[in-house]
Number of protein chains: 2
Amino acid sequence: MATIRDVARAAGVSIATVSRVYNNQTLVNPQTAQHILKIAGDLDYVPNPAARSLTTRRTHTFGVLLPDLFGEFYSELIRGIDLIAHRNGFQILLSSFFRNSEDLVMTSKAMLGRIDGVIMMATDERSINTAAKVRKKVPVVLLNPCKMIEGCHAVAVDNVRGAKDAVSHLIGLGHRNIAMVAGPEENIDARDRLTGFRQGLTEAGLDPGAALVVPGDFRELAGYKAGATILRHKPRPTAVFAANDGMAIGLLASLREWGFGVPDDIAVVGFDDVALAGFMNPPLTTVHVDASGLGGHAVEMMLEVLAGGADSETRRIVLSPSLKIRQSCGTLDPAQLVRRPLMEPRPSNRDDATPRLQGEEEVQP
Amino acid sequence: MATIRDVARAAGVSIATVSRVYNNQTLVNPQTAQHILKIAGDLDYVPNPAARSLTTRRTHTFGVLLPDLFGEFYSELIRGIDLIAHRNGFQILLSSFFRNSEDLVMTSKAMLGRIDGVIMMATDERSINTAAKVRKKVPVVLLNPCKMIEGCHAVAVDNVRGAKDAVSHLIGLGHRNIAMVAGPEENIDARDRLTGFRQGLTEAGLDPGAALVVPGDFRELAGYKAGATILRHKPRPTAVFAANDGMAIGLLASLREWGFGVPDDIAVVGFDDVALAGFMNPPLTTVHVDASGLGGHAVEMMLEVLAGGADSETRRIVLSPSLKIRQSCGTLDPAQLVRRPLMEPRPSNRDDATPRLQGEEEVQP
DNA sequence: TGGATTTATGAAACCGTTTACAGGGAACAC
DNA sequence: GTGTTCCCTGTAAACGGTTTCATAAATCCA
């Protein structure tokens with residue numbers, strides 16, 4: 001590997017001049033610069049980033065810490081981050097901490113010194129604490145934080161609002177008995193969506209305490225399993241709000257197997273608007289979240305912080321999700337819904353199929 | 001930020017001793033080590049990675065270069081990489097080069113010096129050339145390379161085999177007129193799947209030249225649009241093989257809108273086996289690819305190379321995908337398929353709906 | 001008891017940059 | 001011709017570690 005010295009020697013100049021060519025073009029005679037660049041090209045010289053950041057204390061890299069990594073949502077998020085970051089000459093150091101808590105601390109420590117800042121999705125209490133620690137060393141931009149930290153900017157999706165909109169829409173269609181498939185309890189997105197769900201009910205004068213809430217974990221299978229629970233519940237809900245699209249899609253599959261039509265028998269609404277949502281059967285009504293924009297905004301904020309120093313006060317951008325009405329929520333008055341008996345599901349060769357309900361003849365609302 | 005000197009001073013030892021504590025515990029008296037670690041903890045000292053890698057020439061990081069970043073497949077891939085990397089104390093520097101070609105070169109240059117190696121998905125000619133250049137500087141492990149490069153290990157999915165299996169299965173069910181929705185031409189995965197498709201036909205004595213191949217780009221919408229083309233083709237295919245699940249799912253939606261039943265009117269098979277595949281209507285028969293394992297294997301290879309030096313010869317792991325038979329491929333003899341006329345699609349509020357076919361009365365095979 | 005060996009530590013060179021400071025020469029004003 | 005500027009370039013000191021080599025103290029063995 002050629003070093004700055006090799007280039008300097010070959011070009012017959014000092015290393016300082018070579019360095020200047022790469023940092024402050026204006027300070028060096030255009031002809032000399034040209035010459036040096038030529039030599040450097042021939043030698044395949046690339047300034048050593050480690051040496052560089054040792055003196056400048058800048059790495060042109062930031063860390064991205066995600067609680068998990070699956071499904072379309074995270075692809076999109078990372079895509080948005082990557083796009084804006086590279087457009088500005090930054091690299092991203094990625095890590096997801098789907099392991100234990102010390103792991104997260106370890107990882108963030110390992111990142112320190114390699115990065116100029118951290119973009120972190122801190123959706124639970126533990127990770128917020130870690131974020132606060134990290135903040136002492138480098139700038140931090142939070143994604144959907146479960147609470148704000150002094151000196152951290154944040155960009156968040158208004159989950160409460162999104163969920164409320166979804167529920168309100170269902171109520172507007174005439175639904176009074178709406179169930180929810182919730183996400184992981186410790187996850188703030190999940191909690192906020194549940195809150196929004198309840199607020200929506202309350203605002204319409206319905207009792208949120210009476211509504212069925214089935215726990216879930218954001219995976220398709222959880223939604224699939226929730227189907228049976230929901231259908232057995234009495235009175236049977238006429239609509240279901242799932243905390244994300246994955247679970248909504250799992251739910252759709254389950255309802256279908258039980259012989260229930262969506263939206264004719266039961267309306268379903270999801271959250272996220274993954275690319276596949278519009279291609280479901282029926283096309284899934286869902287709350288559109290601009291995942292890529294979420295990441296992009298975070299990067300822009302980080303760049304601002306890095307450029308402007310610490311003078312700007314803590315800022316928070318809230319992205320408003322928008323309800324994307326497709327067909328799974330229906331347009332019918334649920335009073336007209338066909339009341340059909342609960343039948344055995346059609347046979348399925350789904351590998352991870354849940355145990356079937358046994359000896360259940362008929363379930364009527 | 002505390003430096004090694006601060007720790008040394010506070011502990012009353014030389015910096016060499018402190019350094020040794022972090023690198024070669026055995027070389028230093030246990031008591032002294034204990035003491036130093038304590039002081040270091042109090043001072044919140046973390047060795048500066050830049051300085052460290054300046055002398056050691058190791059970064060404990062590797063670059064991951066992906067051609068694109070969307071959908072479940074890439075999430076899973078990155079997840080696999082991340083998991084194994086962190087388990088071995090490595091960080092990952094991520095970049096996708098969905099932009100132009102120089103961009104890729106620039107990015108890989110920017111990575112040089114920050115990484116010990118590169119894991120790169122080089123699915124087209126251009127990126128292979130870049131990979132070859134990168135190889136001159138650091139070890140490279142290729143993911144699904146369109147061709148091998150001297151001195152690069154690789155881990156690949158046997159796309160040809162997977163596609164052939166899918167087609168053979170369809171043929172085994174009695175299908176003789178099978179169409180394909182292909183992926184991007186320059187993409188090797190897409191090309192191999194097409195090759196496998198043709199091989200499967202050839203082996204069964206069918207003419208691959210006669211088969212309808214609709215171009216696509218791996219996105220859902222491409223599959224959706226392909227639906228109309230396929231239905232209009234005469235004789236109308238009784239089965240379709242899509243080069244990935246996204247397109248298969250788009251196709252499913254399109255067929256449904258045109259009033260065609262899957263698998264009763266047309267059988268559909270996808271590729272990838274994304275988490276959602278099993279929850280489609282009907283559950284999607286697809287070729288299962290272990291995306292996370294693909295990434296994990298690549299990391300393990302990289303670690304081996306990094307540990308063992310360049311002594312080991314070029315090695316290539318080929319992962320065999322397996323056909324996951326669900327319901328979209330059906331089990332019927334297609335001779336029994338109902339021949340129904342092509343109707344106007346049901347109204348859809350899909351935002352990005354393609355223009356409808358005009359003035360077409362009926363399409364019979 | 002003394003030389004050989006082992007163990008624990010320190011001194012200093014080095015990794016490849018950036019940058020403050022200094023200096024040389026040309027252009028300009030007087 | 002001298003003093004100022006301005007422009008360009010070089011010298012050398014950081015930056016924060018690792019590692020070779022040297023050395024002092026402790027242990028071993030005869």
Side-chain angles (χ1 to χ4, degrees), chain A residues 1-37 39-40 43-61 89 91 109-116 137-138, chain B residues 1-37 39-40 43-61 89 91 109-116 137-138:
Chain A
M1 285 274 217
T3 74
I4 197 171
R5 258 167 267 273
D6 300 327
V7 177
R9 197 176 316 119
V13 296
S14 76
I15 58 167
T17 304
V18 178
S19 173
R20 276 190 278 259
V21 171
Y22 285 87
N23 299 299
N24 227 336
Q25 280 275 13
T26 60
L27 257 47
V28 39
N29 181 312
Q31 288 198 15
T32 318
Q34 197 67 24
H35 179 224
I36 291 175
L37 245 19
I39 303 272
L43 261 51
D44 227 8
Y45 167 73
V46 179
N48 180 319
R52 206 168 209 179
S53 63
L54 184 56
T55 54
T56 60
R57 281 140 199 306
R58 308 208 75 214
T59 60
H60 271 246
T61 302
Q91 308 263 349
K109 262 199 180 152
M111 276 190 172
L112 250 37
R114 299 174 195 269
I115 49 166
D116 295 340
K137 310 271 191 172
V138 293
Chain B
M1 284 275 216
T3 75
I4 196 172
R5 262 165 262 275
D6 300 328
V7 177
R9 196 176 318 121
V13 296
S14 75
I15 59 167
T17 305
V18 178
S19 174
R20 275 189 279 258
V21 171
Y22 285 87
N23 299 299
N24 227 334
Q25 280 274 11
T26 59
L27 256 48
V28 36
N29 181 311
Q31 288 197 13
T32 318
Q34 196 67 24
H35 179 222
I36 291 176
L37 245 19
I39 302 273
L43 261 51
D44 226 8
Y45 167 73
V46 179
N48 181 319
R52 205 169 211 179
S53 64
L54 184 56
T55 53
T56 59
R57 279 139 200 308
R58 307 206 78 214
T59 60
H60 271 247
T61 301
Q91 307 264 349
K109 263 199 180 149
M111 275 189 172
L112 249 38
R114 299 173 196 270
I115 48 164
D116 295 339
K137 310 271 192 171
V138 293

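The sequence lines fix the lettering, A, B, ..., with proteins before strands; numbering per chain opens at 1.
- If you check every strand for non-hydrogen atoms under 4.0 Å, B/Thr32 touches sugar and phosphate atoms only.
- Rounding to whole angstrom units, CG of residue B/Asp6 and C1' of D/dC15 are separated by 13 Å.
- A donor-acceptor pair is defined here as one N or O able to donate and one able to accept, closer than 3.5 Å; such a pair exists between the side chain of B/Asn48 and the backbone of B/Ala51.
- Going from atom CZ of A/Arg57 over to atom P of C/dT17 covers 18 Å, rounded to whole Å.
- For A/Leu54 and D/dA13, the CG to C1' distance is 13 Å, given to the nearest whole Å.
- Atom NE2 in A/His35 sits roughly 17 Å away from atom P in D/dC8 (whole-Å rounding).
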Scoring nucleotides 17-23 of chain D by protein non-hydrogen atoms under 4.0 Å (B base, S sugar-phosphate only, - none) yields BBBB---
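- Contact between B/Ser53 and A/Ala50 at its shortest, heavy atoms only, is OG-CB, 3.5 Å.
- A straight line from CZ of A/Arg9 to C1' of D/dG10 spans 16 Å, rounded to a whole angstrom.
- Counting heavy atoms from C-beta outward, B/Tyr45 and B/Ile39 have side chains that stay 4.5 Å or more apart.
- Side-chain atoms of A/Val21 and A/His35, non-hydrogen and from C-beta on, never get closer than 4.5 Å to each other.
- Two residues are said to be in side-chain contact when any heavy atoms from C-beta on lie closer than 4.5 Å; A/Arg114 and B/His60 meet this criterion.
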Could you list, one pair per line, each protein nitrogen or oxygen that sits under 3.5 Å from a nitrogen or oxygen of nucleotides 24-26 of chain D, together with the distance?
none

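- B/Tyr22 has its side chain within reach of B/Leu37: a pair of non-hydrogen atoms, C-beta onward, lies under 4.5 Å apart.
- The distance from atom CD1 of B/Ile36 to atom P of C/dT9 is 7 Å, rounded to the nearest whole Å.
- Separating the NE2 atom of A/His60 from the P atom of C/dT18 is a distance of 11 Å, rounded to the nearest angstrom.
- Counting only distance, with no hydrogens or angles, the side chain of A/Thr61 and the backbone of A/Ile115 share no donor-acceptor pair below 3.5 Å.
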Next item on the list: Check the pair A/Arg52, A/Asn23 against side-chain contact (heavy atoms from CB on, under 4.5 Å), reporting the backbone distance first and the verdict last.
Entry: CA-CA 11 Å; A/Arg52 206 168 209 179; A/Asn23 299 299; 3.2 Å; yes
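- Annotation: side chain of A/Lys137 is not in contact with side chain of A/Met111 (no heavy-atom distance under 4.5 Å).
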